[in-house]
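First comes the structure, then the notes that go with it.
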Amino acid sequence: MSWKDARRIMKAKIAELIQQAVAAYLQSLGLAPPESLDCTIQLPKNPAHGDFATQAAFALARHLKRPPIEIARGLAAHWPPSDLVASVEAAPPGFLNIRLRSSGMANALRTVLTQGAEYGRSRMGEGKTAQVEFLSANPTGPLHIGHARNAIAGDTLARILAAAGYTVTREYYFNDAGNQMRNLGESLRVRYLQALGHDAQLPEDGYFGNYLVDIAARLRAEHGDSLAESADVDFFTAYAVQHILKLIEEDLRALDIHFDVWTTETAMYREGRVESVLRRLRERGFVYDHDGAVWLRSTAFGDEKDRVLIKSDGSMTYLVPDIAYHDQKLERGFDLIVDLFGSDHHGYVPRLRGAIEALGYDASRVRWRLYQMVTLLRSGVQTKLSKRAGEIVTIQQMVAELGRDVVRFFFLMRELDSHLVFDWDLALKADWTENPVYYVQYAHARICSIFEKAASLGFTWEGLEASPLDRLTLPEEQALIKEMTRFGDVVERAARDLEPHGITLYLRELAATFHNYFTRGTRDPDSRVIQPEDPGLMQARMALIAAVRIVLRNGFALLGISAPEKMERQAAAPEC
RNA sequence: GCGCCUGUAGCUCAGUUGGAUAGAGCGUUUGCCUCCGGAGCAAGAGGUCGCAGGUUCGAAUCCUGCCAGGCGCGCCA
């Protein structure tokens with residue numbers, strides 16, 4: 001039985017008990033129960049309010065025209081006996097606080113240990129396929145900080161969807177033709193000529209990055225000066241693309257990101273898909289000619305204006321191959337298709353959705369996830385990371401200076417809908433002082449350290465059978481178990497909302513709950529895990545921290561960060 | 001002007017889909033190392049939840065109108 005089933009069954013049982021209490025209470029007043037009753041069950045954040053709470057009394061207050069607190073007391077008085085619930089009490093202004101018997105806690109802990117790496121997985125996407133298209137940066141240069149949020153959030157969403165049961169495909173779509181690419185090829189040609197000692201100038205809007213100098217040197221090494229007279233820009237473009245893709249793959253490796261499928265714009269032409277969607281859109285009556293151009297009637301689907309598909313000079317707008325690509329994705333049959341865009345592309349969504357609906361697809365299969373823009377805060381100066389302006393910080397530099405875990409975690413700490421300020425100084429400073437990443441990883445290392453210490457004394461955890469879980473009676477222990485039961489909800493919510501940041505927040509809270517427990521042990525020897533005089537208690541506590549370690553690891557895996565067994569104490573970075 | 005997103009502690013942000021006394025981190029003040037790792041823990045200070053109305057037992061959360069910031073609004077990609 002998965003955690004989800006366990007919780008659903010528990011909630012259902014409690015809802016049933018509430019209904020019974022309502023019926024008994026109303027009967028005592030000589031009234032019939034209402035046709036429908038909102039007896040929503042919530043998990044109170046304040047432990048003094050029990051394990052579950054319901055506001056059914058408020059809902060009833062409306063029908064009965066009595067004060068909610070009076071009704072809550074009546075419900076508590078008519079609560080049916082149950083082996084699940086230990087106590088029920090009414091609390092002003094009308095809540096009903098429900099406390100479970102402790103056996104429920106032990107069961108929750110047992111579930112974590114039994115399921116191990118599977119704990120927290122959901123069956124939400126069971127039997128379904130999902131495709132996540134992210135990053136999709138055109139290969140005009142190595143990745144930099146402006147790409148990081150997309151790359152990291154996209155990869156993490158893919159991990160989360162996989163944990164939710166989907167079979168996931170990660171896909172990168174890029175443009176390998178068109179003006180930008182011609183410009184790139186021209187820039188490489190100039191760099192190549194310069195490498196040969198010719199006097200050549202980069203075009204004003206060319207690509208000035210040094211990586212083209214390196215690629216030009218390689219080109220010269222392979223071909224000598226045989227291309228000096230070549231006007232074949234396509235050759236230079238293809239050569240540049242091929243080598244820049246290698247750079248991008250290196251960048252992605254640094255972040256532990258891989259793609260399953262790489263798709264190009266030219267493939268959309270080559271495979272006849274561009275023609276195909278144009279023909280079908282026209283057949284379905286959503287295409288018309290005007291001012292010498294060919295238009296898509298996207299206003300029919302809520303777009304603010306119609307969009308040009310074929311310009312009056314006969315060339316395609318970028319929209320057409322994109323429609324063709326989405327047609328291809330939909331045709332491949334994914335149940336869920338995720339497009340991750342920066343919010344600067346949000347105006348693009350309605351026209352693409354319109355085109356998809358015009359082709360006759362159910363557009364709800366595609367979910368456009370937009371993330372807000374990133375600002376870099378460095379040495380007290382804020383810099384916007386727009387495409388053109390701003391200082392260029394490459395992914396390689398970031399990972400080299402801050403480490404993969406810090407970079408990934410920092411980009412995942414914020415809700416996608418909110419602007420993200422990347423505080424470089426804090427991230428750097430975090431090498432030796434407090435930092436959310438280290439804080440969370442430290443909890444894991446501490447657990448490993450306890451097991452190591454125990455082993456040095458000759459003790460190991462002997463499994464669930466040897467662990468009397470009912471010995472876990474400290475409030476800190478109960479709090480840890482309760483925190484762990486939330487994990488599945490957190491994962492499922494992240495998957496449902498396509499929103500990774502809840503995982504980082506959750507792990508921080510779990511780590512805080514653990515550090516709190518640990519610190520109790522430093523003050524009070526009886527609260528420590530290692531109890532040579534009381535092997536049963538020690539086994540139970542080892543079971544507890546083994547479970548915490550499992551949940552931490554599962555969470556780290558979702559975020560793509562490591563689970564260190566030791567924290568290397570790092571010397572303060574040299575202050576120049 | 002129109003559209004999307006955001007406005008919560010000095011700063012960066014959470015807030016479990018409308019619930020109980022609005023929470024963390026950084027910074028700040030003060031305690032705690034004979035210890036399973038002090039990269040930690042506990043406590044204090046710091047709030048008109050942008051403003052004004054509305055909806056109801058109950059609003060940071062939902063509705064309306066303003067104000068402020070970001071991003072879009074091309075036969076560019």
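Values reported hereafter were calculated over all heavy atoms of this structure, with side chains retained and with hydrogens, waters and symmetry mates removed.
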Whichever of A/Gly521 and A/Leu416 has its nearest RNA chain B nucleotide further upstream toward 5': A/Leu416
Closest-nucleotide 5' rank along RNA chain B - winner of A/Met316 and A/Pro68: A/Pro68
Taking the [atom1] atom in each of [N] and [M], what is the distance between them to the nearest angstrom?
N      : M      : atom1 : result
B/rC36 : B/rA20 : C1'   : 37 Å
B/rG27 : B/rC13 : C1'   : 15 Å
B/rU29 : B/rG70 : P     : 34 Å
B/rU61 : B/rG50 : C1'   : 15 Å
B/rC66 : B/rC4  : P     : 14 Å
B/rA77 : B/rA60 : P     : 48 Å
B/rC41 : B/rA52 : P     : 38 Å
B/rU8  : B/rG46 : C1'   : 14 Å

Give the rounded distance in Å between these two atoms: [atom1] of [X] and [atom2] of [N].
X        : N      : atom1 : atom2 : answer
A/His419 : B/rA68 : NE2   : C1'   : 12 Å
A/Leu309 : B/rG74 : CG    : P     : 16 Å
A/Glu415 : B/rU8  : CD    : P     : 13 Å
A/Trp368 : B/rC71 : CH2   : P     : 24 Å
A/Asn138 : B/rC76 : CG    : C1'   : 13 Å
A/Phe518 : B/rA39 : CZ    : P     : 11 Å
A/Leu480 : B/rC41 : CG    : P     : 13 Å

Do [X] and [N] share a donor-acceptor pair, side chain to base, under 3.5 Å?
X        : N      : result
A/Tyr438 : B/rA39 : no
A/Arg414 : B/rU6  : no
A/His345 : B/rG72 : no
A/Ser312 : B/rC75 : yes
A/Ser449 : B/rG37 : yes
A/Asn183 : B/rA77 : no

Syn/anti state of B/rU28 by chi, 90° boundary around 0: anti
Lys/Arg N to Asp/Glu carboxylate O, A/Glu499 vs A/Arg493, below 4.0 Å: no
Would you call the rings of [X] and [Y] parallel, tilted or perpendicular, where under 30° means parallel and over 60° means perpendicular?
X        : Y        : answer
A/His147 : A/His144 : tilted
A/Phe422 : A/Phe410 : tilted
A/Tyr517 : A/Phe514 : perpendicular
A/Trp262 : A/Phe174 : perpendicular

Base-pairing mate for B/rA20 - Watson-Crick or G-U, with both contacts under 3.5 Å: none
For B/rC2, the Watson-Crick or wobble partner whose two distances fall under 3.5 Å: B/rG72
Side-chain N or O of A/Tyr439 closer than 4.0 Å to phosphate OP1/OP2 of B/rG38: no
Cation over ring face, A/Arg149 and A/Tyr371, 6.0 Å, 45°: no
Aromatic-base stack, A/Phe58 on B/rG58, cutoff 5.5 Å, angle under 30: no
